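Encoded as structure tokens, the structure appears first; notes follow it.
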Amino acid sequence: MSVRLRNSNRNDYKLLRLRDAHSCINQRVNIIAIVLEFGLPKTTRGTGNFHFMSFTGNDDKKGRSYGCRFYFNDQCCTLRLIDETHHQIGMAVNIFTENAESLPHVAAAGDIIQLCNVTLRTHIKEVNAVFYKNSSSFALYRGNGDDDDDFVPYQVYSKVFLRDEDKMRINMLRKWLVNFQIPAESSDFPMLREIKEGHFNLAGKILHCWEALKDNWFVYVWDGTDTPPNAITSMLEDEINHPLPLQLESLPLPRDVLCTLPTVGSILRIAFELPIEKNHLNVLKSGKWAQFINIRLKVYAGLWYGVFTSHSKLRHTPNEDRLIAERQRLYDDRISLKSRNMPIGSMPQSIDSLPESLCITKVNHDHVRHLTLMDVLTHSEVTAKFKCVVRVVAAVPYQGEKFCTPAGKYMMRLTLEDPTARIHAFVVDEDGETLFDGYPGTANVKRKLNRLLGVTECDDSIVVNDRPRNPAWVSVCIKSYYVSKSDVWGSRNFRIFDTKIVDGP
DNA sequence: TTGGGG
């Protein structure tokens with residue numbers, strides 16, 4: 001069965017260009033256009049209409065059935081469409097179906113949608129289309145079909161008839177899209193180094209999608225720059241009971257995945273506000289750049305993360321996009337520098353002179369190149385030595401009298417972070433003697449530790465220490481080793497060594 | 001006839 005306008009014959013079939021939408025308000029129309037952006041499914045509040053549903057087997061002797069009344073809580077998603085006549089902001093279409101499975105699963109932004117019998121409405125002076133589950137239909141086609149004759153839809157809702165006119169339109173849109181660049185201003189897409197809490201657009205490379213817990217998905221996004229360091233608000237006295245997390249996810253990424261990720265530049269975790277099914281993430285292909293529209297950016301325990309909300313969208317982004325090319329070039333410039341592994345925030349002045357904050361510690365290996373904590377985590381061997389620029393964001397114990405074991409040796413655990421990762425690193429025995437310059441007494445050890453942690457002496461005098469602290473970037477040497485010979489990777493630990501806290505002013 | 005937008 002072909003889908004046609006009601007009361008029309010084949011000759012009345014009309015395919016609307018988006019430019020002409022404003023002249024067809026409240027009419028049912030057919031549209032073939034490119035999906036520029038799309039959101040993920042969300043449950044609607046319901047139509048407000050009661051529906052009667054009978055339970056089979058509940059009929060009484062007179063044939064009356066008993067049942068219950070319920071709302072249709074449909075699923076909805078919003079797409080934004082463009083065509084050659086209307087590509088500045090495009091036109092929104094709201095699609096309602098009974099379940100998320102029936103909604104369009106756009107394989108790639110830039111694919112083509114055929115919409116039949118959708119109704120045009122106005123909302124705050126903007127025209128949009130509404131797709132009703134009982135009367136409308138859609139079909140999705142590849143946007144970048146290499147083959148001119150590829151008119152096989154990869155998803156259809158209800159029945160759709162494809163006329164010659166429609167095929168010509170699909171071909172026309174495919175050709176037009178090849179040379180079309182969505183006008184994306186760099187300033188509308190802050191880089192990770194520029195982010196703040198709030199709602200922003202982001203352009204980044206998809207590195208991985210991972211289900212850390214059932215229905216708890218994370219998308220790993222990277223743009224080659226470093227997210228800014230955050231103030232730390234955790235209670236130092238409580239680090240032993242409530243340690244600062246090493247990562248946002250409840251489980252760290254498996255090592256084989258971790259080792260495929262870039263070691264320079266921050267990796268932003270994007271979580272989903274609403275429950276999400278795996279097949280809705282098909283569009284996020286590892287290695288492809290994507291534009292995220294209206295992502296909420298937040299900080300948890302000093303770690304940046306993004307939230308894909310019910311108002312967020314994914315936007316079509318070819319890898320040859322101007323904005324993407326610009327970001328890729330910035331990254332290529334960065335990794336060609338000697339300071340490639342240094343946190344962007346640690347180098348406010350010149351790349352040749354170390355900023356003053358890096359003078360809090362002195363390390364014995366001046367001529368060794370700095371690496372990132374992701375280099376440390378993904379190193380191919382368990383036993384290794386590194387030099388990194390990090391912030392000491394937590395320490396345990398923090399109570400001065402417990403810095404040493406009963407035998408009088410140093411034993412503490414520091415939490416280190418850089419823009420790429422967080423790790424725990426121990427300070428043990430002679431490495432502690434190097435770090436604190438022997439055993440200068442509890443008060444002095446605490447003063448030195450506070451310099452690392454960014455706790456000012458004035459803060460320290462407050463009994464309940466809940467003031468945010470802002471640790472400085474410091475250079476440290478890190479040793480990677482194993483505790484158990486039978487499980488070298490499972491028992492891998494890190495220690496600080498050959499690092500000394502220089503006496504402060 | 002559910003939502004759109006920020």
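The chains referred to below are lettered A, B, ... by the order of the sequence lines, with proteins before strands, and numbering in each begins at 1. What you are looking at is a predicted structure, and each value in this text was computed from that prediction instead of being measured.
- The distance from atom CG of A:Leu79 to atom P of B:dG3 is 16 Å, rounded to the nearest whole Å.
- Atom OH of A:Tyr132 is separated from atom P of B:dG4 by 14 Å (rounded to the nearest Å).
- Looking at A:His311, its side chain comes within 3.5 Å of the base of B:dG6 through a donor and an acceptor atom.
- Between A:Gln75 atom CD and B:dG4 atom P the separation is 13 Å, expressed in whole Å.
- Taking 4.0 angstrom as the limit, A:Arg45 places a side-chain polar atom (N or O) nearer than this to OP1 or OP2 of B:dG3.
- Out of B:dG5, B:dT2, B:dG4, the shortest distance to the side chain of A:Asp74 is found at B:dT2.
- Note: CD (A:Glu126) to P (B:dG4) measures 12 Å, nearest angstrom.
- Backbone-only contact: A:Arg80 has heavy atoms under 4.0 Å from sugar-phosphate atoms and none from a base.
- Distance CD (A:Glu37) to P (B:dG4): 13 Å, rounded to an integer number of Å.
- The nearest whole Å value for the distance from the NZ atom in A:Lys125 to the P atom in B:dG4 is 21 Å.
- Contacts of A:Val93 with the nucleic acid, taken as non-hydrogen atoms under 4.0 Å apart, are absent.
- Under 3.5 Å, the side chains of A:Asn94 and A:Thr78 contain a donor-acceptor pair of N or O atoms.
- Put simply, NE2 on A:His123 is 17 Å from P on B:dT1, counting in whole angstrom units.
- Within the cation-pi definition used here (under 6.0 Å to the ring centroid, within 45° of the axis), A:Arg142 qualifies as a partner of A:Tyr154.
- Using a cutoff of 4.0 Å between basic side-chain nitrogens and carboxylate oxygens, A:Glu84 and A:Arg169 are scored as salt-bridged.
- With centroids closer than 5.5 Å and planes inclined by less than 30 degrees as the test, A:Phe96 and the base of B:dT2 pass as a stacked pair.
- Residue A:Thr43 is the one, among A:Thr43 and A:Asn294, whose nearest nucleotide of DNA chain B lies closer to the 5' end (criterion: closest heavy atom).
- No engagement by A:Lys133 is indicated, since no non-hydrogen atom pair under 4.0 Å with the nucleic acid exists.
- When only modelled atom types and interatomic distance are considered, A:Asn230 and A:Tyr300 share no side-chain donor-acceptor pair under 3.5 Å.
- Between A:Trp222 and A:Tyr331, a ring centre-to-centre spacing shorter than 6.0 Å is recorded.
- In this structure, the CG atom of A:Asn128 is 15 Å from the P atom of B:dT1, given to the nearest Å.
- When heavy atoms are screened at a 4.0 angstrom cut-off, A:Lys313 is found touching the sugar-phosphate backbone but no base atom.
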